[in-house]
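Inspection log for the structure reproduced underneath, given as structure tokens.
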Amino acid sequence: KMSNVTLLDPTNEAKPVTRQLATRPEKISGNVALLDISKRQGNIFLDKLEQAIEQRVSGINIKRYVKPTFSKPAPESLRQEIKENNNFVVVALADWGSCTSCSLHDIVWFEIQGLPSAAIASTEFADAAETQAKALGMANANCLFVNHPIQDASSIELARKADSVVDQVIQSLSEKT
């Protein structure tokens, strides 16, 4: 006996709302949040990125935060803490599909709140990041990319990856520096 099977498309058929990036100041100043998504080696990458930013931008205070898991967007309480205490947000370091998606959810939320933001992911997930940004209504969300892989990279390789993206990070958060 044959039974009827209904297949459902899990994508939203409605056109997403178009969202705008937060206004960028001419120069980065104040507090910059670095949000570690809790992926292996991400903290080491962010150590190197923090050093590289501090070498290039004076008069800022970098604050570090850690998500409890990379497989979900940041908890509301953490998002609110970052929003209340920072002027800019950098989310890193995504190197898989779900963490790339969640990183995009986080930066779009921060952008809607008025905080210029950027996510950093590995090059293997550029298409996933682009698709997620469009689905969230912010096709121009600042997702920056470093060469894959991340988790097996040495400290020296992670420093090179941070150096390769730091100028893009600074540029994506401001009009010019």
Side-chain angles (χ1 to χ4, degrees), residues 21-22 24-71 73-74 78-79 81-83 85-111 113 115-126 128-130 132-133 140-177:
L21 293 175
R24 267 52 184 165
E26 187 174 313
K27 184 178 178 184
I28 297 174
S29 63
N31 295 332
V32 178
L34 297 184
L35 178 56
D36 182 344
I37 68 166
S38 295
K39 287 290 283 203
R40 185 172 166 263
Q41 300 269 66
N43 61 328
I44 298 168
F45 174 83
L46 283 171
D47 290 344
K48 306 299 183 188
L49 184 66
E50 180 176 355
Q51 293 168 0
I53 291 171
E54 288 176 332
Q55 290 172 354
R56 289 165 175 83
V57 182
S58 61
I60 60 167
N61 181 34
I62 295 180
K63 299 178 137 210
R64 298 284 288 266
Y65 300 87
V66 180
K67 284 173 56 169
T69 180
F70 57 81
S71 62
L78 180 57
R79 283 179 168 182
E81 180 183 351
I82 292 170
K83 175 188 167 193
N85 295 298
N86 295 279
N87 309 97
F88 305 90
V89 182
V90 178
V91 178
L93 179 66
D95 69 343
W96 202 249
S98 63
C99 58
T100 300
S101 175
C102 293
S103 293
L104 266 289
H105 275 270
D106 288 331
I107 68 163
V108 167
W109 188 89
F110 287 119
E111 289 282 353
Q113 306 307 310
L115 275 72
S117 302
I120 304 172
S122 70
T123 51
E124 291 295 309
F125 299 94
E130 181 181 339
Q132 187 65 59
N140 59 345
N142 287 304
C143 196
L144 312 172
F145 302 98
V146 295
N147 289 333
H148 193 78
I150 304 301
Q151 294 189 33
D152 297 330
S154 70
S155 180
I156 292 170
E157 291 169 320
L158 289 169
R160 286 186 190 130
K161 290 176 194 294
D163 283 337
S164 76
V165 77
V166 66
D167 292 329
Q168 293 173 47
V169 169
I170 294 166
Q171 185 177 34
S172 73
L173 299 176
S174 64
E175 289 181 5
K176 55 186 169 182
T177 54

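Positions are given from 1, in the same order as the sequence printed here.
Remark: A118 pairs with N142, L144, S172, L173 by the side chain to side chain contact (heavy atoms under 4.5 Å, CB included) rule, at least two apart or across chains. Residues satisfying the salt bridge (charged side-chain N to carboxylate O under 4.0 Å, His left out) criterion with D163, sequence neighbours excluded, are absent altogether. Taking the side chain to side chain contact (heavy atoms under 4.5 Å, CB included) definition, one finds that R40 meets it with Q151, D152, sequence neighbours left out. In this structure, the side chain to side chain contact (heavy atoms under 4.5 Å, CB included) partners of S164, at least two apart in sequence or on a different chain, are V146. Contacts of S101 classified as side chain to side chain contact (heavy atoms under 4.5 Å, CB included), with partners at least two apart in sequence or in another chain: H105, Q132.
Between E50 and I53, every side-chain heavy-atom pair lies at or beyond the 4.5 Å cut-off. Using a 4.5 Å heavy-atom threshold, the side chains of R79 and P73 count as touching. Residues Q41 and L93 are not in side-chain contact: their nearest non-hydrogen atoms beyond the backbone lie 4.5 Å or more apart. The shortest distance between side-chain heavy atoms of V165 and F45 falls below 4.5 Å. Considering only heavy atoms from C-beta on, Y65 comes within 4.5 Å of N86 through its side chain. S103 is not listed as a side-chain neighbour of C143, based on a closest heavy-atom distance of 4.5 Å or more. Put simply, the side chain of K161 does not reach to within 4.5 Å of the side chain of I120, judged on heavy atoms.
With K27 contributing its side chain and V57 its backbone, the two residues share no donor-acceptor pair below 3.5 Å. When atom types are taken as modelled, the side chain of D106 and the backbone of A74 share a donor-acceptor pair closer than 3.5 angstrom. Under a 3.5 Å cut-off, the side chain of S71 and the backbone N or O of T69 do not form any donor-acceptor pair.
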task = Let me see the working for E130 and T100 under side-chain contact (heavy atoms from CB on, under 4.5 Å), right down to the final yes or no.
result = CA-CA 10 Å; E130 181 181 339; T100 300; over 6 Å; no
inquiry  = Working note: H148 + D95, criterion side-chain contact (heavy atoms from CB on, under 4.5 Å); need CA distance, chi angles, decisive distance, verdict.
reply    = CA-CA 7 Å; H148 193 78; D95 69 343; 4.3 Å; yes
Verdict with supporting geometry, S117 and V91, side-chain contact (heavy atoms from CB on, under 4.5 Å) = CA-CA 8 Å; S117 302; V91 178; over 6 Å; no
task = Run the numbers on I150 and L158 for side-chain contact (heavy atoms from CB on, under 4.5 Å), then give the verdict.
result = CA-CA 8 Å; I150 304 301; L158 289 169; 4.2 Å; yes
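The CZ atom of R56 lies 6.0 Å from the CD1 atom of I170; values are rounded to the nearest 0.5 Å. Note that CG of L78 is 8.5 Å distant from NZ of K67, once rounded to the nearest 0.5 Å. Rounded to the nearest 0.5 Å, atoms CZ (F70) and SG (C102) are 9.5 Å apart.
Closest approach of A141 and V108 over heavy atoms only: CB-CG2, 4.5 Å. The two residues F88 and P25 come nearest to each other via the heavy atoms CZ-CG, 3.6 Å. Taking every heavy atom of both residues into account, K83 and F110 meet most closely at N-CE2, 4.3 Å.
Summarising the local packing, CZ of R160 is surrounded by 12 or fewer heavy atoms from other residues, nucleotides or ligands at distances under 6.0 Å.
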Check: residues 28-37 side-chain donor-acceptor pairs under 3.5 Å, at least two apart:
from : atom 1 : to  : atom 2 : distance (Å)
N31  : OD1    : N61 : ND2    : 3.2
N31  : ND2    : N85 : O      : 2.9
D36  : OD1    : S38 : N      : 2.8

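By the 30° and 60° cut-offs, the orientation of the rings of F125 relative to W96 is tilted.
Taking 4.0 Å as the cut-off between side-chain N and carboxylate O, E111 and R24 count as a salt-bridged pair.
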